[in-house]
Novice: 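My structure is below; once you've seen it, I'll send some questions.
We name chains A, B, ... by the order of the sequence lines, and we start the count at 1 in each one. If you're wondering where the values come from, they're calculated on a predicted model, not measured in any experiment.
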2 protein chains.
Amino acid sequence: MKTALGRGLDALIPEKGLEIVNLQISKIVPNKKQPRKNFKDSALKDLAQSIKERGVIQPILVSKKNDGSFNLIAGERRWRAASMAGLSKIPAVVKSVDEKDSLEIALIENIQRENLNPMEMASSFDYLLNTYDLTQDALSQRIGKDRATIANYMRLLKLPVEVQKLVSEESISMGHARAILGADNKKKQIDVARTTVKKGLSVREVEELIREKVKIKKKTEKRPADPHVKDVEERLTSSLGTKVHLKHKGGKGKIEIEYYSLEELDRLLEMLT
Amino acid sequence: MKTALGRGLDALIPEKGLEIVNLQISKIVPNKKQPRKNFKDSALKDLAQSIKERGVIQPILVSKKNDGSFNLIAGERRWRAASMAGLSKIPAVVKSVDEKDSLEIALIENIQRENLNPMEMASSFDYLLNTYDLTQDALSQRIGKDRATIANYMRLLKLPVEVQKLVSEESISMGHARAILGADNKKKQIDVARTTVKKGLSVREVEELIREKVKIKKKTEKRPADPHVKDVEERLTSSLGTKVHLKHKGGKGKIEIEYYSLEELDRLLEMLT
DNA sequence: GATAAAATGTTCCACGTGGAACATTTTAAT
DNA sequence: ATTAAAATGTTCCACGTGGAACATTTTATC
């Protein structure tokens with residue numbers, strides 16, 4: 001199928017064994033294995049819509065048969081979606097080596113190919129949510145995962161960079177990382193992450209560790225509402241005509257005064273100055 | 001980058017937005033995210049070797065930057081392996097739409113793409129083992145999965161077709177299916193599979209169900225070795241000069257006589273006729 | 001400012017997967 | 001024919017993932 005070409009066009013022609021052509025979709029025969037149930041019909045429809053709008057991004061992989069048709073090696077989902085999208089042709093890499101070798105390669109690549117690691121997933125979700133102004137719910141429907149799953153990936157982005165790196169490197173899993181998020185400050189998160197790697201803790205063990213830490217923290221912080229504080233809050237609330245909270249601890253704290261407009265801010269400023 | 005071409009060559013040029021070129025590997029910049037640790041170095045080396053022998057099967061996906069270099073969108077493993085293989089150029093699909101859209105597409109395709117279902121995995125392993133005369137151990141090293149994992153996939157091929165279909169359709173998982181294999185005949189396997197679907201049993205529940213069935217079967221079959229049978233076996237073994245087993249049950253059975261060469265077969269035939 | 005609804009954040013744990021560990025069969029060597 | 005080694009078969013269960021269920025925050029409405 002490779003034709004003689006003039007200089008300069010050579011760069012367009014791929015290396016040995018790799019030819020890209022637009023093939024009639026109807027000339028492509030899927031694998032002889034039983035027709036596979038699609039992952040999610042809604043996902044296939046989404047892909048079809050995307051293909052309709054932007055075309056097929058990556059060519060499928062086929063091998064040429066003697067009768068002029070082509071065996072589909074990889075990319076069946078794109079092939080089906082392209083058909084659903086109403087295309088009559090699809091870009092395909094045609095393997096000219098014999099079927100045996102190409103099938104081996106395709107299988108091994110398929111089995112081995114890297115998926116995005118959890119940090120990449122998280123960044124991707126973040127990017128998609130912000131770029132397209134989507135809610136988590138909307139994105140979940142597009143990609144076929146639960147909203148909570150997306151939320152949990154997103155939370156990974158709040159970890160200290162050192163911990164994110166441990167996830168990327170697969171030193172800890174996203175399950176560990178999610179549990180580590182429960183530690184109440186970054187330093188503690190780093191400490192727990194390091195302990196997790198050092199001691200080879202399981203996800204359940206990290207969850208338990210964090211649960212204990214939270215329980216201890218709550219125990220030390222638990223104290224009855226200080227009536228004195230309450231009293232001061234109430235007096236200030238009454239006096240200023242808006243809600244006032246006292247963040248009081250260990251003899252010090254903050255007074256938080258709420259306002260809901262510039263007018264009210266002005267009013268408060270007058271009263272306080 | 002698309003050049004005017006004569007008639008006939010047009011078919012070689014892909015549709016809108018899809019251009020295939022051989023790019024200098026050094027001109028391709030991987031994603032700005034932190035460099036990802038490879039899935040398995042040995043797997044990457046295998047891929048590099050495969051690329052050395054057969055070239056890159058599928059082009060990588062890149063987007064063009066204004067400074068003449070290219071951002072790597074998908075196919076980093078192949079890009080790294082090609083570099084390891086000593087190639088200076090790699091076939092690439094160049095996305096000419098703006099980066100935002102192409103990233104969305106690539107991400108969604110990456111997240112959503114279908115992996116082989118367990119029956120396809122099993123068939124693939126079977127094919128590779130037989131076609132290349134590999135041991136399970138050799139294949140396990142090639143694809144980065146444990147030998148026992150491959151063995152367990154292969155076992156799925158021994159299920160009744162009806163049960164295999166349930167796995168393909170994801171009505172039951174390969175975990176269920178593996179457990180179902182423990183049922184001692186095909187009919188029972190089908191029965192358990194149907195029960196599993198009907199009652200929505202978990203893998204642990206199916207394992208337990210089979211364990212109980214095996215236990216019951218062993219209980220009903222457990223009986224002391226019949227000295228009569230042993231005696232007959234010994235007499236026959238002595239008489240024929242080779243090992244003889246009696247498969248005796250419920251008043252009937254089979255006599256199994258072992259032989260290790262055509263000569264011995266001849267000898268036995270003479271004695272038995 | 002109050003309230004309801006929408007959206008997001010968080011924790012716990014049931015699930016199927018993958019493989020460790022062992023069992024059995026097959027093959028090779030003698 | 002016997003034995004050892006290699007190869008394959010099988011079962012049990014610890015693991016991390018994904019999401020159910022609930023908690024909290026944010027936004028919209030009045």
Novice: How long is the straight-line distance from NZ of Lys165(A) back to OG of Ser171(A), given to the nearest 0.5 Å?
Specialist: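 These two atoms lie 10.0 Å from each other.
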Novice: Mind checking side-chain hydrogen bond (donor to acceptor under 3.5 Å, both in side chains) for Glu207(B) and listing every partner two or more places apart, or none if nothing turns up?
Specialist: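 Per chain and number, Glu207(B) pairs via side-chain hydrogen bond (donor to acceptor under 3.5 Å, both in side chains) with Arg204(B).
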Novice: Nearest 0.5 Å, what's the OG-CG distance between Ser202(A) and Leu209(A)?
Specialist: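 Going from OG on Ser202(A) over to CG on Leu209(A), the span is 10.5 Å.
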Novice: I need the CG-C1' distance between Asp146(A) and dC22(D), as an integer number of Å.
Specialist: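 Between C1' of dC22(D) and CG of Asp146(A): 14 Å.
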Novice: As an exercise, state the distance from NZ of Lys198(A) to OG1 of Thr195(A), rounded to the nearest 0.5 Å.
Specialist: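 Between atom NZ of Lys198(A) and atom OG1 of Thr195(A) there are 7.5 Å.
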Novice: What distance separates Ile143(A) CD1 from Thr149(A) OG1, expressed to the nearest 0.5 Å?
Specialist: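 Interatomic distance, Ile143(A) CD1 to Thr149(A) OG1, rounded to 0.5 Å: 8.5 Å.
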Novice: Indicate whether OP1 or OP2 belonging to dC15(D) is found under 4.0 Å from a side-chain N or O atom of Ser173(A).
Specialist: no
Novice: Would you kindly give the CD1-to-P distance between Ile180(A) and dT17(D), to the nearest whole Å?
Specialist: 12 Å
Novice: Name every residue in residues 195-202 of chain A that has at least one heavy atom under 4.0 Å from any atom of DNA chain C, in order of residue number, or write none if there are no such residues.
Specialist: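 Heavy-atom contacts with DNA chain C come from no residue of residues 195-202 of chain A; none.
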Novice: Nearest whole Å is fine: how far is dG16(C) C1' from Leu156(B) CG?
Specialist: 13 Å
Novice: Minimum heavy-atom separation for His176(A) and Leu201(A), please, with both atom names.
Specialist: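 Of all heavy-atom pairs spanning His176(A) and Leu201(A), the closest is NE2-O, 2.9 Å.
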Novice: How would you summarise protein contacts on nucleotides 7-14 of chain C per nucleotide, using B for base, S for sugar-phosphate only and - for none, with heavy-atom distances below 4.0 Å?
Specialist: SBBBBBBB
Novice: Given atom CD of Glu170(A) and atom P of dC15(D), what is their separation to the nearest angstrom?
Specialist: 18 Å
Novice: Any donor-acceptor pair under 3.5 Å linking the side chain of Asn152(B) with the backbone of Ala148(B)?
Specialist: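 Here the side-chain-to-backbone pair exists.
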Novice: To check you understand the geometry: which heavy-atom pair defines the closest contact between Leu157(B) and Met119(B), and what is its length?
Specialist: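 For Leu157(B) versus Met119(B), the nearest heavy atoms are CD2-CE, 4.0 Å.
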Novice: Under 3.5 Å for both donor-acceptor distances, Watson-Crick or wobble: does dT3(D) have a partner, and if so which one?
Specialist: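 Across any shown strand, dT3(D) pairs with dA28(C).
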Novice: Please report, rounded to the nearest Å, how far the P atom of dT17(D) is from the NE2 atom of His176(A).
Specialist: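 Taking NE2 of His176(A) and P of dT17(D), I get 8 Å after rounding.
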Novice: When the distance from CD of Glu208(B) to C1' of dC15(C) is rounded to whole Å, what number comes out?
Specialist: 16 Å
Novice: So, is Tyr153(A) close to the dG18(D) phosphate, meaning a side-chain N or O under 4.0 Å from OP1 or OP2?
Specialist: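 Yes.
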Novice: Does dC13(D) have a Watson-Crick or wobble mate here (both distances under 3.5 Å), and if so which one?
Specialist: dG18(C)
Novice: If every non-hydrogen atom of Met154(A) is compared with every non-hydrogen atom of Leu129(A), which pair is closest and at what distance?
Specialist: CE-CD1, 3.5 Å
